[in-house]
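Scroll down for the structure; my scribbles are underneath it.
Computed from heavy atoms alone, side chains included, the values below leave out hydrogens, waters and symmetry copies. Both ligands and their constituent atoms are indexed starting at 1 by order of listing.
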Amino acid sequence: MDFKKSVVYQIYPKSFCDSNGDGFGDLKGVTAKLDYLKELGVDYIWMTPFFVSPQNDNGYDVEDYYNIDPRYGTMEDFEELCQGAADRGIRIMLDMVFNHTSTRHEWFQKALSGDPRYKDFYIFKKGKGPGVPPTNWESKFGGNSWEYVEKFDEYYLHLFDVTQADLNWDNPEVRAEIQKVVRFWMEKGVKGFRFDVVNLISKGAFEDDFEGDGRRFYTDGPRIHEYLQELNAATFGTDAEIITVGEMSSTSMENCYRYASEDGKELSMVFSFHHLKTDFVGNEKWVIVPNDFQKLKQILFDWQTHMSENHAWNAVFWCNHDQPRVVSRMGDEGKYWKESAKMLGTVIHCLRGTPYIYQGEELGMTNAGFNQIDQYKDVESLNHFRILVEKGVPESAAYEILKIHSRDNSRTPMQWDGGKYAGFSDAEPWISVNPNHVRINAEAQLQDEDSIFHYYQKLIRLRKDYDVIAYGDLEPLDAKHPSVMAYRRTWENQELLMIANFYGKETAWDAGCDLEGYTRLAGSYADTSLVGTEVKLRPYEAAVLYKEN
Ligand code: TEU
(Lines give C-alpha, C1' and ligand atoms only; values in the text may rest on other atoms or scores of the structure.)
Protein backbone atom coordinates (compact mmCIF):
# COMPACT_ATOMS: atom_id res chain seq x y z
CA MET A 1 0.00 0.00 0.00
CA ASP A 2 1.41 3.40 -0.98
CA PHE A 3 1.92 5.23 2.26
CA LYS A 4 1.61 8.58 0.49
CA LYS A 5 -2.01 7.72 -0.31
CA SER A 6 -2.71 6.15 3.09
CA VAL A 7 -4.32 7.51 6.21
CA VAL A 8 -3.45 6.20 9.67
CA TYR A 9 -5.91 6.08 12.58
CA GLN A 10 -4.44 6.07 16.07
CA ILE A 11 -6.04 3.97 18.77
CA TYR A 12 -5.29 4.41 22.46
CA PRO A 13 -6.73 1.02 23.42
CA LYS A 14 -7.16 1.85 27.09
CA SER A 15 -9.76 4.49 26.12
CA PHE A 16 -11.22 3.07 22.91
CA CYS A 17 -13.69 0.30 23.75
CA ASP A 18 -14.07 -1.98 26.74
CA SER A 19 -15.44 -5.41 25.79
CA ASN A 20 -15.38 -7.08 29.20
CA GLY A 21 -16.81 -4.47 31.56
CA ASP A 22 -13.76 -3.67 33.67
CA GLY A 23 -13.68 0.01 32.75
CA PHE A 24 -10.48 -0.47 30.77
CA GLY A 25 -10.44 -0.69 26.96
CA ASP A 26 -9.07 -3.86 25.35
CA LEU A 27 -8.14 -5.60 22.09
CA LYS A 28 -11.51 -7.30 21.67
CA GLY A 29 -13.05 -3.85 21.97
CA VAL A 30 -10.95 -2.69 19.02
CA THR A 31 -11.97 -5.73 16.97
CA ALA A 32 -15.61 -4.93 17.69
CA LYS A 33 -15.17 -1.50 16.12
CA LEU A 34 -13.40 -2.51 12.91
CA ASP A 35 -16.50 -1.92 10.81
CA TYR A 36 -16.62 1.64 12.08
CA LEU A 37 -12.98 2.14 11.02
CA LYS A 38 -13.63 0.59 7.66
CA GLU A 39 -16.53 2.93 7.12
CA LEU A 40 -14.30 5.87 7.96
CA GLY A 41 -11.92 4.57 5.30
CA VAL A 42 -8.56 4.43 7.08
CA ASP A 43 -5.74 2.17 5.86
CA TYR A 44 -3.74 1.55 9.03
CA ILE A 45 -4.47 1.50 12.71
CA TRP A 46 -1.64 2.50 14.99
CA MET A 47 -2.14 0.83 18.35
CA THR A 48 -0.36 2.47 21.28
CA PRO A 49 1.45 -0.07 23.50
CA PHE A 50 -0.50 -2.98 24.96
CA PHE A 51 2.49 -5.04 26.09
CA VAL A 52 2.91 -6.23 29.67
CA SER A 53 3.46 -3.11 31.73
CA PRO A 54 2.90 -1.71 35.22
CA GLN A 55 1.07 1.13 33.39
CA ASN A 56 2.87 3.93 35.18
CA ASP A 57 2.95 5.67 31.81
CA ASN A 58 -0.02 3.81 30.31
CA GLY A 59 2.08 1.15 28.62
CA TYR A 60 5.03 3.30 27.51
CA ASP A 61 6.79 1.54 30.38
CA VAL A 62 7.21 -1.92 28.87
CA GLU A 63 7.96 -4.88 31.13
CA ASP A 64 7.83 -7.57 28.45
CA TYR A 65 7.96 -6.83 24.72
CA TYR A 66 6.73 -10.30 23.72
CA ASN A 67 3.52 -10.57 25.68
CA ILE A 68 0.24 -8.76 25.90
CA ASP A 69 -0.84 -7.19 29.15
CA PRO A 70 -3.76 -9.31 30.42
CA ARG A 71 -5.77 -6.11 30.94
CA TYR A 72 -5.80 -5.76 27.14
CA GLY A 73 -6.38 -9.44 26.39
CA THR A 74 -4.39 -12.32 24.96
CA MET A 75 -2.23 -13.16 21.97
CA GLU A 76 -5.29 -14.86 20.43
CA ASP A 77 -7.19 -11.60 20.77
CA PHE A 78 -4.36 -9.87 18.96
CA GLU A 79 -4.35 -12.42 16.16
CA GLU A 80 -8.11 -12.09 15.84
CA LEU A 81 -7.72 -8.33 15.60
CA CYS A 82 -5.06 -8.68 12.87
CA GLN A 83 -7.26 -11.07 10.93
CA GLY A 84 -10.36 -8.90 11.30
CA ALA A 85 -8.41 -5.86 10.18
CA ALA A 86 -6.87 -7.70 7.20
CA ASP A 87 -10.35 -8.87 6.14
CA ARG A 88 -11.32 -5.21 5.88
CA GLY A 89 -8.13 -4.08 4.13
CA ILE A 90 -6.76 -2.43 7.26
CA ARG A 91 -3.21 -2.96 8.49
CA ILE A 92 -1.83 -2.85 11.99
CA MET A 93 0.95 -0.54 13.11
CA LEU A 94 2.54 -1.25 16.49
CA ASP A 95 4.09 1.25 18.85
CA MET A 96 7.59 0.21 19.89
CA VAL A 97 9.13 1.84 22.93
CA PHE A 98 12.86 1.25 22.67
CA ASN A 99 14.40 4.30 24.29
CA HIS A 100 13.61 2.83 27.70
CA THR A 101 12.02 -0.13 29.47
CA SER A 102 10.05 -0.34 32.66
CA THR A 103 12.26 -0.86 35.67
CA ARG A 104 10.21 -4.04 36.13
CA HIS A 105 11.65 -5.45 32.89
CA GLU A 106 13.73 -8.59 33.47
CA TRP A 107 16.82 -6.84 32.06
CA PHE A 108 16.60 -4.05 34.59
CA GLN A 109 15.86 -6.44 37.43
CA LYS A 110 18.99 -8.42 36.52
CA ALA A 111 20.94 -5.17 36.31
CA LEU A 112 19.78 -4.25 39.81
CA SER A 113 20.79 -7.64 41.12
CA GLY A 114 24.34 -6.73 40.04
CA ASP A 115 24.65 -8.81 36.85
CA PRO A 116 27.28 -6.81 34.88
CA ARG A 117 25.98 -8.00 31.51
CA TYR A 118 22.57 -6.45 32.18
CA LYS A 119 23.90 -3.41 33.99
CA ASP A 120 25.43 -2.52 30.65
CA PHE A 121 21.95 -2.66 29.07
CA TYR A 122 21.21 0.61 30.87
CA ILE A 123 23.04 3.84 31.64
CA PHE A 124 24.53 3.73 35.12
CA LYS A 125 26.97 6.48 36.14
CA LYS A 126 28.70 7.78 39.25
CA GLY A 127 27.40 11.04 40.73
CA LYS A 128 29.49 14.20 40.75
CA GLY A 129 29.73 14.07 44.52
CA PRO A 130 27.63 12.96 47.47
CA GLY A 131 23.98 13.48 46.56
CA VAL A 132 24.87 15.14 43.24
CA PRO A 133 23.64 13.32 40.10
CA PRO A 134 25.94 12.82 37.07
CA THR A 135 24.33 15.70 35.15
CA ASN A 136 21.68 18.35 35.79
CA TRP A 137 19.38 17.08 33.01
CA GLU A 138 15.67 17.34 33.68
CA SER A 139 13.24 14.49 33.22
CA LYS A 140 10.47 15.23 30.69
CA PHE A 141 8.03 14.45 33.48
CA GLY A 142 9.65 16.81 35.99
CA GLY A 143 12.61 16.64 38.38
CA ASN A 144 16.16 15.42 37.74
CA SER A 145 16.54 12.60 35.22
CA TRP A 146 18.88 10.41 37.32
CA GLU A 147 17.86 8.02 40.09
CA TYR A 148 20.28 6.94 42.80
CA VAL A 149 20.83 3.24 43.50
CA GLU A 150 22.46 2.92 46.89
CA LYS A 151 23.78 -0.58 46.35
CA PHE A 152 26.05 0.59 43.49
CA ASP A 153 26.51 4.16 44.69
CA GLU A 154 25.52 5.00 41.12
CA TYR A 155 22.64 6.60 39.28
CA TYR A 156 20.64 5.35 36.30
CA LEU A 157 19.29 7.63 33.59
CA HIS A 158 15.54 8.04 33.05
CA LEU A 159 14.59 10.78 30.61
CA PHE A 160 10.94 10.05 31.43
CA ASP A 161 9.44 8.60 34.64
CA VAL A 162 11.71 7.15 37.32
CA THR A 163 10.24 3.73 36.40
CA GLN A 164 11.32 4.15 32.72
CA ALA A 165 15.07 3.42 32.59
CA ASP A 166 16.90 4.47 29.41
CA LEU A 167 18.49 1.67 27.42
CA ASN A 168 22.15 1.78 26.43
CA TRP A 169 22.03 1.58 22.64
CA ASP A 170 25.82 1.83 22.45
CA ASN A 171 25.79 -1.76 23.67
CA PRO A 172 25.49 -4.04 20.58
CA GLU A 173 23.68 -6.68 22.69
CA VAL A 174 20.88 -4.22 23.36
CA ARG A 175 20.53 -3.52 19.66
CA ALA A 176 20.44 -7.23 18.90
CA GLU A 177 17.65 -7.75 21.47
CA ILE A 178 15.63 -4.89 19.97
CA GLN A 179 15.97 -6.44 16.51
CA LYS A 180 14.63 -9.70 17.89
CA VAL A 181 11.55 -7.92 19.22
CA VAL A 182 10.83 -6.24 15.88
CA ARG A 183 11.21 -9.54 13.99
CA PHE A 184 8.86 -11.28 16.43
CA TRP A 185 6.06 -8.82 15.63
CA MET A 186 6.86 -8.85 11.91
CA GLU A 187 6.27 -12.59 11.98
CA LYS A 188 2.82 -11.94 13.42
CA GLY A 189 1.98 -10.00 10.26
CA VAL A 190 2.37 -6.49 11.59
CA LYS A 191 2.80 -4.06 8.67
CA GLY A 192 3.75 -0.87 10.41
CA PHE A 193 5.83 0.38 13.31
CA ARG A 194 5.81 3.64 15.20
CA PHE A 195 9.03 4.10 17.15
CA ASP A 196 8.57 6.07 20.35
CA VAL A 197 11.00 8.99 20.97
CA VAL A 198 13.45 7.18 18.72
CA ASN A 199 15.72 10.18 18.14
CA LEU A 200 16.73 10.07 21.81
CA ILE A 201 18.36 6.63 21.73
CA SER A 202 21.91 7.74 20.96
CA LYS A 203 23.25 9.65 23.94
CA GLY A 204 26.10 12.11 23.45
CA ALA A 205 28.30 13.67 26.11
CA PHE A 206 27.11 13.41 29.71
CA GLU A 207 27.64 17.06 30.59
CA ASP A 208 25.70 19.57 32.62
CA ASP A 209 23.48 21.81 30.54
CA PHE A 210 23.64 25.43 31.66
CA GLU A 211 21.53 26.65 28.73
CA GLY A 212 18.62 24.21 28.75
CA ASP A 213 17.21 21.05 30.27
CA GLY A 214 19.82 18.71 28.80
CA ARG A 215 18.03 17.75 25.61
CA ARG A 216 20.76 19.10 23.35
CA PHE A 217 23.07 16.35 24.64
CA TYR A 218 20.86 13.41 23.71
CA THR A 219 18.48 14.60 20.95
CA ASP A 220 19.43 13.47 17.39
CA GLY A 221 22.59 12.09 19.04
CA PRO A 222 25.93 11.15 17.48
CA ARG A 223 25.13 7.59 16.32
CA ILE A 224 21.39 7.96 15.69
CA HIS A 225 21.50 7.51 11.91
CA GLU A 226 23.78 4.51 12.21
CA TYR A 227 21.39 2.86 14.70
CA LEU A 228 18.32 3.47 12.57
CA GLN A 229 20.02 2.18 9.43
CA GLU A 230 21.16 -0.90 11.26
CA LEU A 231 17.67 -1.60 12.64
CA ASN A 232 16.15 -1.03 9.21
CA ALA A 233 18.58 -3.39 7.46
CA ALA A 234 18.19 -6.10 10.10
CA THR A 235 14.40 -5.98 10.41
CA PHE A 236 11.61 -4.03 8.65
CA GLY A 237 13.81 -2.99 5.72
CA THR A 238 13.56 -6.55 4.42
CA ASP A 239 9.79 -6.21 3.86
CA ALA A 240 8.85 -3.50 1.35
CA GLU A 241 5.25 -3.49 2.58
CA ILE A 242 6.12 -2.30 6.06
CA ILE A 243 5.80 1.40 6.84
CA THR A 244 7.52 3.12 9.75
CA VAL A 245 7.19 6.40 11.56
CA GLY A 246 9.59 7.82 14.09
CA GLU A 247 8.45 10.06 16.88
CA MET A 248 11.09 12.79 16.83
CA SER A 249 11.24 14.76 20.03
CA SER A 250 12.64 18.34 19.66
CA THR A 251 14.34 17.30 16.43
CA SER A 252 15.97 19.38 13.72
CA MET A 253 14.74 19.42 10.15
CA GLU A 254 18.20 18.57 8.85
CA ASN A 255 18.13 15.31 10.78
CA CYS A 256 14.62 14.58 9.52
CA TYR A 257 15.81 14.83 5.90
CA ARG A 258 17.80 11.72 6.71
CA TYR A 259 15.36 9.94 9.06
CA ALA A 260 12.57 10.15 6.49
CA SER A 261 14.53 10.19 3.26
CA GLU A 262 12.98 8.70 0.15
CA ASP A 263 16.03 6.43 -0.15
CA GLY A 264 14.36 4.31 2.55
CA LYS A 265 17.50 3.62 4.55
CA GLU A 266 15.98 4.77 7.83
CA LEU A 267 12.21 5.36 8.25
CA SER A 268 9.23 6.07 5.99
CA MET A 269 8.27 9.28 7.80
CA VAL A 270 8.57 11.36 10.94
CA PHE A 271 6.40 13.06 13.52
CA SER A 272 7.82 16.43 14.50
CA PHE A 273 6.20 18.66 17.13
CA HIS A 274 7.41 22.21 16.51
CA HIS A 275 4.01 23.24 15.12
CA LEU A 276 2.39 22.07 18.36
CA LYS A 277 4.51 24.31 20.56
CA THR A 278 3.12 27.61 19.29
CA ASP A 279 1.14 27.89 22.53
CA PHE A 280 4.26 27.28 24.67
CA VAL A 281 6.93 29.74 25.81
CA GLY A 282 10.01 28.20 24.20
CA ASN A 283 9.97 24.61 25.40
CA GLU A 284 7.90 25.46 28.47
CA LYS A 285 4.47 23.92 28.14
CA TRP A 286 3.07 24.62 31.65
CA VAL A 287 2.06 28.20 30.90
CA ILE A 288 -0.96 29.88 29.34
CA VAL A 289 -0.21 32.00 26.29
CA PRO A 290 -2.28 32.58 23.15
CA ASN A 291 -1.52 30.39 20.18
CA ASP A 292 0.87 32.19 17.80
CA PHE A 293 -0.88 31.65 14.48
CA GLN A 294 1.82 33.28 12.35
CA LYS A 295 4.44 31.04 13.90
CA LEU A 296 2.24 27.99 13.39
CA LYS A 297 1.91 28.71 9.67
CA GLN A 298 5.57 29.49 9.28
CA ILE A 299 6.60 26.20 10.91
CA LEU A 300 4.13 24.10 8.92
CA PHE A 301 5.13 25.77 5.66
CA ASP A 302 8.87 25.45 6.39
CA TRP A 303 8.53 21.74 7.09
CA GLN A 304 6.34 21.23 4.05
CA THR A 305 8.64 22.94 1.59
CA HIS A 306 12.04 21.93 2.96
CA MET A 307 11.19 18.28 3.55
CA SER A 308 9.91 18.15 0.00
CA GLU A 309 13.02 19.82 -1.47
CA ASN A 310 15.11 17.29 0.41
CA HIS A 311 13.05 14.29 -0.71
CA ALA A 312 11.79 13.41 2.74
CA TRP A 313 8.28 12.58 3.96
CA ASN A 314 6.26 14.00 6.86
CA ALA A 315 3.55 12.48 8.99
CA VAL A 316 0.95 15.27 9.32
CA PHE A 317 -1.27 15.61 12.37
CA TRP A 318 -2.79 17.83 15.06
CA CYS A 319 -3.77 15.21 17.61
CA ASN A 320 -2.39 12.24 19.49
CA HIS A 321 -2.56 10.80 22.99
CA ASP A 322 -0.08 13.41 24.27
CA GLN A 323 -1.76 16.48 22.78
CA PRO A 324 -4.86 18.37 23.85
CA ARG A 325 -7.83 18.11 21.48
CA VAL A 326 -7.29 20.38 18.49
CA VAL A 327 -10.83 21.71 18.32
CA SER A 328 -10.40 23.02 21.88
CA ARG A 329 -6.88 24.22 21.17
CA MET A 330 -7.21 26.00 17.83
CA GLY A 331 -10.91 25.87 17.00
CA ASP A 332 -14.11 26.64 18.87
CA GLU A 333 -15.87 24.33 21.31
CA GLY A 334 -19.02 26.47 21.12
CA LYS A 335 -20.92 28.07 18.27
CA TYR A 336 -18.52 27.06 15.50
CA TRP A 337 -17.60 23.65 16.89
CA LYS A 338 -18.51 21.78 13.73
CA GLU A 339 -17.12 24.30 11.26
CA SER A 340 -13.84 24.68 13.14
CA ALA A 341 -13.34 20.91 13.52
CA LYS A 342 -13.90 20.49 9.78
CA MET A 343 -11.61 23.40 8.96
CA LEU A 344 -8.76 21.94 11.03
CA GLY A 345 -9.21 18.52 9.42
CA THR A 346 -9.10 20.12 5.97
CA VAL A 347 -5.79 21.86 6.66
CA ILE A 348 -4.07 18.60 7.66
CA HIS A 349 -5.58 16.28 5.07
CA CYS A 350 -4.59 18.42 2.07
CA LEU A 351 -0.94 18.75 3.14
CA ARG A 352 1.96 16.83 1.65
CA GLY A 353 2.45 13.96 4.09
CA THR A 354 0.63 10.98 5.54
CA PRO A 355 -2.28 12.17 7.73
CA TYR A 356 -2.86 10.67 11.19
CA ILE A 357 -6.25 10.84 12.88
CA TYR A 358 -6.41 10.32 16.63
CA GLN A 359 -9.48 8.46 17.92
CA GLY A 360 -12.41 10.82 18.43
CA GLU A 361 -10.85 13.59 16.32
CA GLU A 362 -13.21 12.51 13.53
CA LEU A 363 -16.08 13.30 15.92
CA GLY A 364 -14.71 16.66 17.03
CA MET A 365 -14.12 15.42 20.58
CA THR A 366 -13.05 18.22 22.93
CA ASN A 367 -10.73 18.62 25.93
CA ALA A 368 -11.67 16.83 29.16
CA GLY A 369 -12.62 19.89 31.22
CA PHE A 370 -11.40 18.21 34.43
CA ASN A 371 -11.37 20.47 37.47
CA GLN A 372 -10.37 18.12 40.27
CA ILE A 373 -6.93 16.67 40.70
CA ASP A 374 -8.23 13.13 41.23
CA GLN A 375 -9.72 13.20 37.72
CA TYR A 376 -6.20 13.44 36.30
CA LYS A 377 -4.39 10.14 35.82
CA ASP A 378 -1.32 11.07 33.78
CA VAL A 379 2.01 10.96 35.60
CA GLU A 380 3.18 14.04 33.68
CA SER A 381 0.14 16.09 34.74
CA LEU A 382 0.31 14.96 38.35
CA ASN A 383 4.03 15.72 38.63
CA HIS A 384 3.78 19.12 36.98
CA PHE A 385 0.76 20.11 39.07
CA ARG A 386 2.85 19.47 42.18
CA ILE A 387 5.85 21.32 40.71
CA LEU A 388 3.70 24.35 39.82
CA VAL A 389 2.17 24.49 43.29
CA GLU A 390 5.62 24.10 44.90
CA LYS A 391 6.81 27.04 42.79
CA GLY A 392 4.07 29.16 44.37
CA VAL A 393 1.49 29.05 41.56
CA PRO A 394 -1.98 29.11 43.21
CA GLU A 395 -3.82 25.79 42.84
CA SER A 396 -6.61 27.45 40.87
CA ALA A 397 -4.09 28.75 38.32
CA ALA A 398 -2.37 25.36 38.15
CA TYR A 399 -5.73 23.78 37.33
CA GLU A 400 -6.25 26.25 34.50
CA ILE A 401 -2.88 25.26 33.02
CA LEU A 402 -3.68 21.52 33.26
CA LYS A 403 -7.07 22.13 31.66
CA ILE A 404 -5.29 23.47 28.60
CA HIS A 405 -2.15 21.34 28.36
CA SER A 406 -2.72 18.02 30.16
CA ARG A 407 -2.27 14.87 28.10
CA ASP A 408 -5.40 13.52 29.78
CA ASN A 409 -7.41 15.90 27.58
CA SER A 410 -7.11 13.39 24.77
CA ARG A 411 -7.38 10.26 26.90
CA THR A 412 -11.03 10.42 27.96
CA PRO A 413 -13.10 7.49 26.68
CA MET A 414 -14.11 7.37 23.04
CA GLN A 415 -17.64 8.74 22.69
CA TRP A 416 -19.62 6.03 20.95
CA ASP A 417 -23.11 7.04 22.09
CA GLY A 418 -25.04 9.20 24.54
CA GLY A 419 -25.42 6.46 27.18
CA LYS A 420 -24.09 6.51 30.73
CA TYR A 421 -20.45 5.72 29.92
CA ALA A 422 -20.63 6.94 26.31
CA GLY A 423 -20.91 3.37 25.02
CA PHE A 424 -17.25 2.85 25.96
CA SER A 425 -18.00 0.45 28.82
CA ASP A 426 -20.74 -0.89 31.08
CA ALA A 427 -18.64 -0.14 34.13
CA GLU A 428 -17.13 3.06 35.41
CA PRO A 429 -14.18 3.90 33.11
CA TRP A 430 -10.60 4.27 34.41
CA ILE A 431 -10.81 7.95 33.46
CA SER A 432 -13.97 10.10 33.41
CA VAL A 433 -16.12 10.37 30.32
CA ASN A 434 -16.59 13.87 28.94
CA PRO A 435 -20.19 14.91 29.82
CA ASN A 436 -20.59 16.31 26.30
CA HIS A 437 -20.84 12.74 24.94
CA VAL A 438 -24.63 13.18 25.05
CA ARG A 439 -24.16 15.63 22.16
CA ILE A 440 -20.84 14.58 20.60
CA ASN A 441 -20.87 10.88 19.77
CA ALA A 442 -20.37 8.42 16.91
CA GLU A 443 -23.93 7.13 16.86
CA ALA A 444 -25.38 10.59 16.24
CA GLN A 445 -22.75 11.46 13.64
CA LEU A 446 -23.16 8.26 11.65
CA GLN A 447 -26.78 9.26 11.08
CA ASP A 448 -26.00 12.84 10.11
CA GLU A 449 -24.75 13.39 6.55
CA ASP A 450 -23.30 16.77 7.52
CA SER A 451 -21.35 15.44 10.52
CA ILE A 452 -17.64 15.80 11.22
CA PHE A 453 -17.35 12.01 10.85
CA HIS A 454 -18.70 12.13 7.29
CA TYR A 455 -16.48 15.07 6.50
CA TYR A 456 -13.38 13.15 7.60
CA GLN A 457 -14.58 10.23 5.52
CA LYS A 458 -14.66 12.58 2.55
CA LEU A 459 -11.20 13.98 3.25
CA ILE A 460 -9.77 10.45 3.35
CA ARG A 461 -11.43 9.62 0.05
CA LEU A 462 -10.09 12.78 -1.62
CA ARG A 463 -6.51 11.64 -1.00
CA LYS A 464 -7.26 8.42 -2.86
CA ASP A 465 -9.10 10.11 -5.72
CA TYR A 466 -6.75 13.04 -6.41
CA ASP A 467 -3.07 12.31 -6.91
CA VAL A 468 -2.24 15.96 -6.39
CA ILE A 469 -2.92 15.55 -2.65
CA ALA A 470 -0.52 12.66 -2.26
CA TYR A 471 2.18 13.68 -4.71
CA GLY A 472 1.86 17.38 -5.48
CA ASP A 473 4.24 20.21 -4.60
CA LEU A 474 3.06 22.76 -2.08
CA GLU A 475 3.23 26.52 -2.40
CA PRO A 476 2.13 28.73 0.52
CA LEU A 477 -0.31 31.49 -0.47
CA ASP A 478 -0.40 34.94 1.15
CA ALA A 479 1.58 33.45 4.05
CA LYS A 480 1.38 36.57 6.22
CA HIS A 481 -2.42 36.93 6.19
CA PRO A 482 -3.51 37.58 9.81
CA SER A 483 -6.20 34.88 9.96
CA VAL A 484 -6.03 32.68 6.87
CA MET A 485 -3.83 29.73 6.05
CA ALA A 486 -3.85 28.85 2.36
CA TYR A 487 -1.74 26.82 -0.02
CA ARG A 488 -1.67 25.59 -3.59
CA ARG A 489 -0.80 22.01 -4.51
CA THR A 490 0.23 21.12 -8.07
CA TRP A 491 0.89 17.81 -9.78
CA GLU A 492 1.00 17.20 -13.52
CA ASN A 493 -2.14 18.94 -14.82
CA GLN A 494 -3.88 18.96 -11.43
CA GLU A 495 -4.13 21.99 -9.18
CA LEU A 496 -5.69 22.19 -5.74
CA LEU A 497 -6.25 25.17 -3.46
CA MET A 498 -6.78 24.85 0.28
CA ILE A 499 -8.03 27.98 2.02
CA ALA A 500 -8.83 28.12 5.74
CA ASN A 501 -9.94 30.86 8.10
CA PHE A 502 -8.62 30.01 11.58
CA TYR A 503 -10.76 32.56 13.41
CA GLY A 504 -14.37 33.09 14.47
CA LYS A 505 -14.70 36.28 12.43
CA GLU A 506 -15.42 36.81 8.78
CA THR A 507 -12.33 37.85 6.81
CA ALA A 508 -11.40 38.97 3.33
CA TRP A 509 -8.95 36.98 1.24
CA ASP A 510 -7.38 37.81 -2.07
CA ALA A 511 -7.02 34.63 -4.08
CA GLY A 512 -4.68 36.28 -6.56
CA CYS A 513 -6.62 34.58 -9.35
CA ASP A 514 -10.22 34.15 -10.38
CA LEU A 515 -11.75 31.21 -8.51
CA GLU A 516 -14.44 30.90 -11.16
CA GLY A 517 -12.86 27.93 -12.96
CA TYR A 518 -12.36 25.77 -9.85
CA THR A 519 -14.62 23.00 -8.64
CA ARG A 520 -15.24 22.82 -4.91
CA LEU A 521 -14.28 19.39 -3.54
CA ALA A 522 -14.93 19.99 0.14
CA GLY A 523 -15.52 22.71 2.70
CA SER A 524 -16.42 23.33 6.31
CA TYR A 525 -19.76 24.87 5.27
CA ALA A 526 -22.28 22.97 3.18
CA ASP A 527 -22.61 25.74 0.60
CA THR A 528 -20.05 28.17 -0.70
CA SER A 529 -19.78 31.67 -2.03
CA LEU A 530 -16.17 31.57 -3.13
CA VAL A 531 -16.26 33.14 -6.57
CA GLY A 532 -14.14 35.89 -8.10
CA THR A 533 -10.73 37.00 -6.84
CA GLU A 534 -11.56 38.91 -3.65
CA VAL A 535 -13.51 36.53 -1.44
CA LYS A 536 -15.02 36.61 2.01
CA LEU A 537 -14.43 33.68 4.31
CA ARG A 538 -16.98 33.03 7.02
CA PRO A 539 -15.93 32.10 10.61
CA TYR A 540 -13.72 28.99 10.43
CA GLU A 541 -14.55 28.54 6.78
CA ALA A 542 -12.29 26.19 4.85
CA ALA A 543 -12.57 25.16 1.23
CA VAL A 544 -10.79 22.79 -1.11
CA LEU A 545 -10.90 23.92 -4.74
CA TYR A 546 -9.69 21.95 -7.73
CA LYS A 547 -9.03 22.37 -11.41
CA GLU A 548 -7.22 20.67 -14.26
CA ASN A 549 -4.97 22.80 -16.41
O1 TEU B 1 6.16 10.95 24.08
C2 TEU B 1 7.32 11.70 23.97
C3 TEU B 1 7.35 13.07 24.50
O4 TEU B 1 8.40 13.57 24.87
C5 TEU B 1 6.17 13.93 24.57
O6 TEU B 1 5.11 13.60 23.82
C7 TEU B 1 5.80 14.14 25.99
O8 TEU B 1 4.91 13.18 26.44
C9 TEU B 1 5.16 15.47 26.19
O10 TEU B 1 5.25 16.28 25.10
C11 TEU B 1 5.85 16.16 27.32
O12 TEU B 1 5.24 17.38 27.53
C13 TEU B 1 6.23 9.57 23.94
C14 TEU B 1 4.85 8.97 24.09
O15 TEU B 1 4.05 9.40 23.03
C16 TEU B 1 4.33 9.33 25.44
O17 TEU B 1 3.00 8.92 25.63
C18 TEU B 1 5.23 8.69 26.45
O19 TEU B 1 4.86 9.10 27.74
C20 TEU B 1 6.69 9.07 26.23
O21 TEU B 1 7.09 8.97 24.87
C22 TEU B 1 7.59 8.13 26.99
O23 TEU B 1 7.58 6.86 26.43
Problem - Heavy atom of the protein closest to atom 10 (O) of ligand 1 (residue, atom name, distance) - result: Lys285 NZ, 4.2 Å
Practice task
Name the closest protein heavy atom to atom 7 (C) of ligand 1, giving the residue it belongs to and the distance to 0.1 Å.
Solution key: Arg407 NH1, 3.9 Å
Practice task
Check the surroundings of atom CD in Glu428: do more than 12 heavy atoms from other residues, nucleotides or ligands lie under 6.0 Å from it?
Solution key: no
Exercise for the section: Looking only at distances, please establish whether an N/O atom of ligand 1 is found under 3.5 Å from an N/O atom of Lys140. Expected result: no
Fill in the blank from the handout: ring pair (Phe, Tyr, Trp, His ring centres under 6.0 Å) with His275: of Phe280, Phe317, Trp303, only one passes, and it is Phe317
Problem - Which residue and heavy atom of the protein sit nearest atom 15 (O) of ligand 1, plus the separation - result: Asp322 OD2, 2.5 Å
Exercise for the section: Check the surroundings of atom NZ in Lys295: do more than 12 heavy atoms from other residues, nucleotides or ligands lie under 6.0 Å from it? Expected result: yes
Practice task
Indicate the ring-plane relationship of Phe78 and Trp185, choosing parallel, tilted or perpendicular according to the 30° and 60° boundaries.
Solution key: perpendicular
Exercise for the section: Give me the ring orientation class for Tyr60 and His321: parallel if the planes are under 30° apart, tilted from 30 to 60°, perpendicular past 60°. Expected result: parallel
Practice task
Please work out which of Phe160, Phe273, Phe280 has its closest non-hydrogen atom nearest to atom 3 (C) of ligand 1.
Solution key: Phe160
Practice task
Output the list of atoms in ligand 1 that are nearer than 4.0 Å to some heavy atom of Phe141, sorted by atom number.
Solution key: 19 (O)
Problem - Protein heavy atom at shortest distance from atom 18 (C) of ligand 1 - result: Asp57 OD2, 3.3 Å
Practice task
Could you tell me whether Arg194 approaches ligand 1 through its side chain, its backbone, both or neither, with non-hydrogen atoms closer than 4.0 Å?
Solution key: side chain
Handout entry: Charged tip of Lys119 within 45° of Phe152 ring normal and under 6.0 Å
Key = yes
Exercise for the section: Please write down residue, atom name and distance for the protein heavy atom closest to atom 14 (C) of ligand 1. Expected result: Asp196 OD1, 3.1 Å
Exercise for the section: Tell me which protein heavy atom sits closest to atom 12 (O) of ligand 1, plus the residue, atom name and distance to 0.1 Å. Expected result: Glu380 OE2, 2.5 Å
